[in-house]
Amino acid sequence: MEKKHVHVVAAIIYKEESQEPGGTPGKRIFATQRGYGPLAGGWEFPGGKVEPGETLEDALVREIREELDTQITVERYFDRVEYEYDTFYLEMDCFLCTVAAGDLVLKEHADSAWLTAETLDSVDWLPADISLIGKIRQSMF
């Protein structure tokens with residue numbers, strides 16, 4: 001039996017932030033914890049499925065608006081992840097993004113965190129997302 005093929009987009013949302021009062025600015029990456037489905041509890045970069053007729057960027061803007069009640073600016077393409085889960089095959093196009101407006105309200109996720117290069121390993125990433133962590137840490141844009 002052939003596995004279902006799923007194409008999604010993901011937002012690597014980042015911001016510049018001082019890590020401590022008076023400290024040097026550093027980048028922080030936004031991560032979310034899935035709140036439902038067979039992958040519930042795992043951490044991921046937010047996003048979702050691409051609908052027919054949508055560009056990747058339009059799909060990502062729509063998904064973040066729906067899931068996090070936030071308007072993002074898609075800065076640039078970052079990477080593509082292909083991963084074979086037990087029940088489906090995933091293609092995930094990932095983009096670097098910033099918050100344009102809104103407060104990142106969790107509507108579908110159980111939790112969220114702003115992570116630094118040093119704390120990227122502090123959450124239990126889903127297998128497809130964990131493949132991005134090394135690249136993110138190395139570049140931190």
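Just so you know, these numbers come straight off a predicted model, no measurement behind them.
The backbone N or O of Ala117 lies less than 3.5 Å from no partner atom in the side chain of Lys27, so there is not a single donor-acceptor pair. Glu54 contributes a side-chain N or O that, together with a main-chain N or O of Glu51, makes up a donor-acceptor pair within less than 3.5 Å. Not a single donor-acceptor pair under 3.5 Å links the side chain of Ser122 to the backbone N or O of Leu120. Side chain of Ser112 to main chain of Thr32: no donor-acceptor pair is present (N/O by atom type, distance under 3.5 Å, no hydrogens or angles). In this structure a side-chain-to-backbone donor-acceptor pair under 3.5 Å is present from Tyr85 to Ala128.
Atom CZ of Phe88 is separated from atom CG of Leu39 by 5.5 Å, given to the nearest 0.5 angstrom. Between the CG atom of Leu96 and the OG atom of Ser139 there is a distance of 7.0 Å, given to the nearest 0.5 Å. Rounded to the nearest 0.5 angstrom, Met92 CE and Leu56 CG are separated by 13.0 Å. Between the OG1 atom of Thr73 and the CD atom of Glu57 there is a distance of 12.5 Å, given to the nearest 0.5 Å. Taking CG from Asp93 and OH from Tyr77, the interatomic distance works out to 4.0 Å, rounded to the nearest 0.5 Å. Between Leu132 atom CG and Asp79 atom CG the span is 6.0 Å, to the nearest 0.5 Å.
In this structure, Glu84 and Leu90 have side chains that are not in contact, with every pair of non-hydrogen atoms separated by 4.5 Å or more. Within the 4.5 Å cutoff, the side chain of Ile29 has heavy atoms near those of the Ile136 side chain. Between Glu91 and His5, some side-chain heavy-atom pair lies under the 4.5 Å cut-off. The shortest side-chain heavy-atom distance between Cys97 and Ile12 does not fall under the 4.5 Å cut-off. Looking only at side-chain heavy atoms (C-beta outward), Glu67 and Leu106 stay at 4.5 Å or farther from each other. The shortest side-chain heavy-atom distance between Ile72 and Leu60 falls under the 4.5 Å cut-off. The shortest distance between side-chain heavy atoms of Gln71 and Val99 does not fall below 4.5 Å.
Using the six-membered ring where Trp is involved, Phe30 and Trp114 have ring planes that are tilted, between 30° and 60° apart.
Every residue was checked against the salt bridge (Lys or Arg N to Asp or Glu O under 4.0 Å) condition with Glu75, not counting sequence neighbours, and none meets it. Residues satisfying the side-chain contact (heavy atoms from CB on, under 4.5 Å) test with Ile130, not counting sequence neighbours, are Trp125, Ile133. Here Glu108 pairs with nothing under the salt bridge (Lys or Arg N to Asp or Glu O under 4.0 Å) rule; sequence neighbours left out.
Annotation: cation-pi geometry not satisfied between Arg76 and Phe78 (NZ/CZ under 6.0 angstrom from ring centroid, within 45° of ring axis).
Within a 6.0 Å radius of NZ in Lys107, more than 12 heavy atoms belonging to other residues, nucleotides or ligands are found. In the displayed structure, Lys15 atom NZ is contacted under 6.0 Å by more than 12 heavy atoms of other residues, nucleotides or ligands.
Just one residue in the list Val50, Ile64, Asp58 forms a side-chain contact (heavy atoms from CB on, under 4.5 Å) with Val9, and that residue is Val50.
A pairwise comparison of heavy atoms in Lys49 and Ala59 identifies O-CB, 4.3 Å as the closest pair.
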Discussion item. Assess the residue pair Asp86 and Lys3 against the criterion (salt bridge (Lys or Arg N to Asp or Glu O under 4.0 Å)); give the C-alpha distance rounded to whole Å, side-chain angles, the decisive distance to 0.1 Å, and a yes or no.
Written reply: CA-CA 8 Å; Asp86 290 340; Lys3 290 184 180 182; 5.5 Å; no
